[in-house]
Structure formats: structure tokens, C-alpha cells
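For reference, the structure discussed in these notes is given below.
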There are 2 protein chains.
Amino acid sequence: MDVTEADLPAHDSSDCKAVNAVLGRVGDKWSVLIISRLGDRTLRFNELKREVGGISQRMLTLTLRGLERDGLVTRTVFATVPPRVEYELTALGHSLREPVDALARWALEHQPEIAAANRLYDQRSQRS
Amino acid sequence: MDVTEADLPAHDSSDCKAVNAVLGRVGDKWSVLIISRLGDRTLRFNELKREVGGISQRMLTLTLRGLERDGLVTRTVFATVPPRVEYELTALGHSLREPVDALARWALEHQPEIAAANRLYDQRSQRS
DNA sequence: GGAGATGGTCACATGGACGTAACCGAGGCA
DNA sequence: TGCCTCGGTTACGTCCATGTGACCATCTCC
């Protein structure tokens with residue numbers, strides 16, 4: 001049987017676009033970190049900022065807006081003073097953690113091989 | 001028990017770097033497409049260029065170099081004339097397909113939800 | 001009265017990602 | 001002689017993502 005077509009997950013252009021959109025999100029360092037932090041509990045804007053560490057206010061806002069737009073997090077404003085805004089993973093956001101964690105596990109598992117390949121490659125290119 | 005630490009896949013900074021390196025690769029549109037194309041058979045440079053479609057020669061070279069450096073593909077030069085160069089997934093490269101395909105499957109599966117969330121978000125922000 | 005926290009927005013700068021096009025060297029072919 | 005293919009490399013330009021720092025309004029606390 002011909003599996004060459006069947007086991008490519010994204011083959012037509014519309015599928016490809018959807019996959020690339022998700023891949024773009026996942027390729028984004030901040031999105032992944034935020035989803036990871038939001039995994040166990042809801043966090044407020046500045047809590048998130050402190051927890052993630054190193055993210056600028058602007059990027060946090062932008063990233064959260066993107067995640068919200070994709071239906072991965074919910075934003076809840078409490079009209080207290082000072083204002084309080086809580087971010088929480090949606091069910092969709094939680095379900096994304098599974099494949100992302102799988103990828104992270106792969107990265108950790110194969111990190112030594114990648115590092116070794118890097119060293120080998122750099123050694124060779126230096127020799128030339 | 002306290003699982004808040006245990007089930008975060010990347011927590012210390014070195015792990016985080018490794019994960020981000022892989023996430024960067026995966027977030028790269030071309031890398032994923034190339035790995036996908038190389039999944040079933042080895043391809044030559046221009047075959048790959050034609051198969052992927054829309055990639056510039058420069059980006060193909062750069063992306064392949066990156067993948068080679070990470071030990072995901074092998075580059076084999078045949079000293080024929082005209083020269084022939086074949087690219088092939090390594091075992092490591094093949095193993096990466098599994099989590100990446102999982103992510104792609106997630107994307108396809110949840111594409112309608114994401115699209116719906118997008119529409120809803122855009123509607124709301126337009127109303128404001 | 002002034003500073004700080006909260007959750008942003010806006011203007012600006014900059015670096016890196018990416019595309020475009022030219023060039024290359026060896027050989028086949030007309 | 002000159003053009004084509006293959007598999008690049010290099011120079012150059014452009015655009016977008018991201019960081020920086022200022023500003024805002026409101027309330028509390030010192």
C-alpha cells in the first residue's frame with residue numbers, strides 16, 4: 001500500500017495554513033512559557049510577568065492577546081481598585097499542553113544527541 | 001503531593017534553552033516542511049526545492065545546514081558531474097516526526113475551534 | 001503631596017529573518 | 001563559442017518581531 005500520502009499530516013494548502021499557525025504559536029518562546037505557567041493555576045497579569053521573567057510588558061500583552069484570540073486563554077477583568085485581570089487556560093489551551101509537552105520531552109530526551117551533533121558539525125566546519 | 005514542579009517539562013534554565021532550541025526549529029515553517037518531505041525518501045537539493053515549493057535557494061540551504069548541524073538530516077555529496085547532493089533524515093530526524101506529527105494532528109483536530117475563537121474575538125474587538 | 005501598584009497603550013529603535021538576484025566552476029551539448 | 005544544469009555562496013534590501021521607555025488613570029499608603 002501507498003503510505004507516502006497518508007502519513008503526511010498536512011498536505012493540502014488549507015491544512016498547511018492551520019498547522020503553520022499553530023506551529024507559529026508553538027515556535028513562539030513566550031506563548032509556550034505562558035501556557036506552561038498557566039497550566040496549573042490562573043494568574044494575574046503581573047504575576048505572570050514575574051513568573052515568566054524577562055518578558056516585557058508589551059510582549060506579555062501581545063502574546064496574551066494572541067492566545068486569547070486563538071481561544072487558548074480567557075481574560076477576566078475584575079472591576080476592583082486597583083484593577084485585577086486574571087488569565088486562565090481554556091480547555092483548548094489545556095489540550096495543547098499534551099502535544100507541546102511531548103515535544104518538550106523529546107527535546108530533553110535528545111538534547112545530548114543534538115549537542116553532540118552540533119559539536120561535531122562545528123568541529124568539521126572549523127577544520128575546513 | 002506537589003506536582004506543580006514535576007509536570008512542567010522544562011524548569012531550569014539549561015533545560016529551557018534546549019527546549020527553546022527545538023521549539024525554534026519546529027516553529028520554523030521550512031524546517032518542518034523539509035522534515036515532512038524527507039520523511040519517506042531521500043531527496044536531492046533541487047528535488048527538495050521543487051517539492052517544498054516557494055522556498056528560495058538561500059533559505060533551503062540555510063535550513064538544511066541548520067538541520068544538518070542538529071543531526072536531523074545527513075548530507076551526502078556524490079562527486080559526479082553535474083554534482084549530486086542527497087539529503088536524508090537521520091534516526092534522530094525520524095524520531096522528531098512523531099511529536100511534530102502529534103502537534104500537527106492537534107492543529108488539524110482543533111482547527112475549527114481556533115477559527116471560531118478567532119471570529120468571535122475579531123467580532124468583539126470590532127464592536128468596541 | 002508624592003510614590004507605588006495595577007494593567008495596560010503608544011512611539012520608536014533595532015536586529016534578525018527572509019527574499020532577490022547575481023555569480024561561480026565544471027562539464028555536457030549545440 | 002556560448003548556454004544550460006547542479007548546488008550552492010554572497011551581497012543587498014526589506015520587513016516584521018521584539019525590546020525600551022514613556023505615559024495613563026485610579027486608588028492606597030506613608
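Per chain, numbering begins at 1; letters A, B, ... match sequence-line order. These figures come from a predicted structure and were not determined experimentally.
Scanning for ring-ring contact (aromatic ring centres under 6.0 Å, His included) contacts around W106(A) gives H110(A), with sequence neighbours left out.
Of the charged side-chain nitrogens involved, at least one lies within less than 4.0 Å of a carboxylate oxygen, so that R41(B) and E51(B) count as a salt-bridged pair.
Annotation for E47(B): atom CD counts as buried by contact number, over 12 foreign heavy atoms lying within 6.0 Å.
Using a 4.5 Å cut-off on side-chain heavy atoms (C-beta onward), L72(B) and R25(B) make contact.
Note that CZ of R84(B) and CZ of F78(B) are 5.0 Å apart. Values are rounded to the nearest 0.5 Å. One finds the OG atom of S36(A) at 6.0 Å from the CZ atom of R97(A) (value rounded to the nearest 0.5 Å).
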Per-nucleotide protein contact string for nucleotides 6-20 of chain D, where B marks a base within reach and S marks sugar-phosphate only (heavy atoms under 4.0 Å, - for neither): BBBBBB------BBB
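With rounding to whole Å, K49(A) atom NZ is found 12 Å from dA5(C) atom C1'.
Rotation axes derived from the C1' atoms of the five outermost pairs at either end of the helix from dG1(C)-dC30(D) to dA30(C)-dT1(D) lie 30° apart, to the nearest 10°.
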Walk me through whether R37(B) and L48(B) qualify under side chain to side chain contact (heavy atoms under 4.5 Å, CB included). CA-CA 8 Å; R37(B) 291 305 166 163; L48(B) 210 38; 4.1 Å; yes
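The hydrophobic cluster containing Y121(B) does not contain L92(A), counting ILVMFWY residues as joined when their side-chain heavy atoms lie under 4.5 angstrom apart, directly or transitively.
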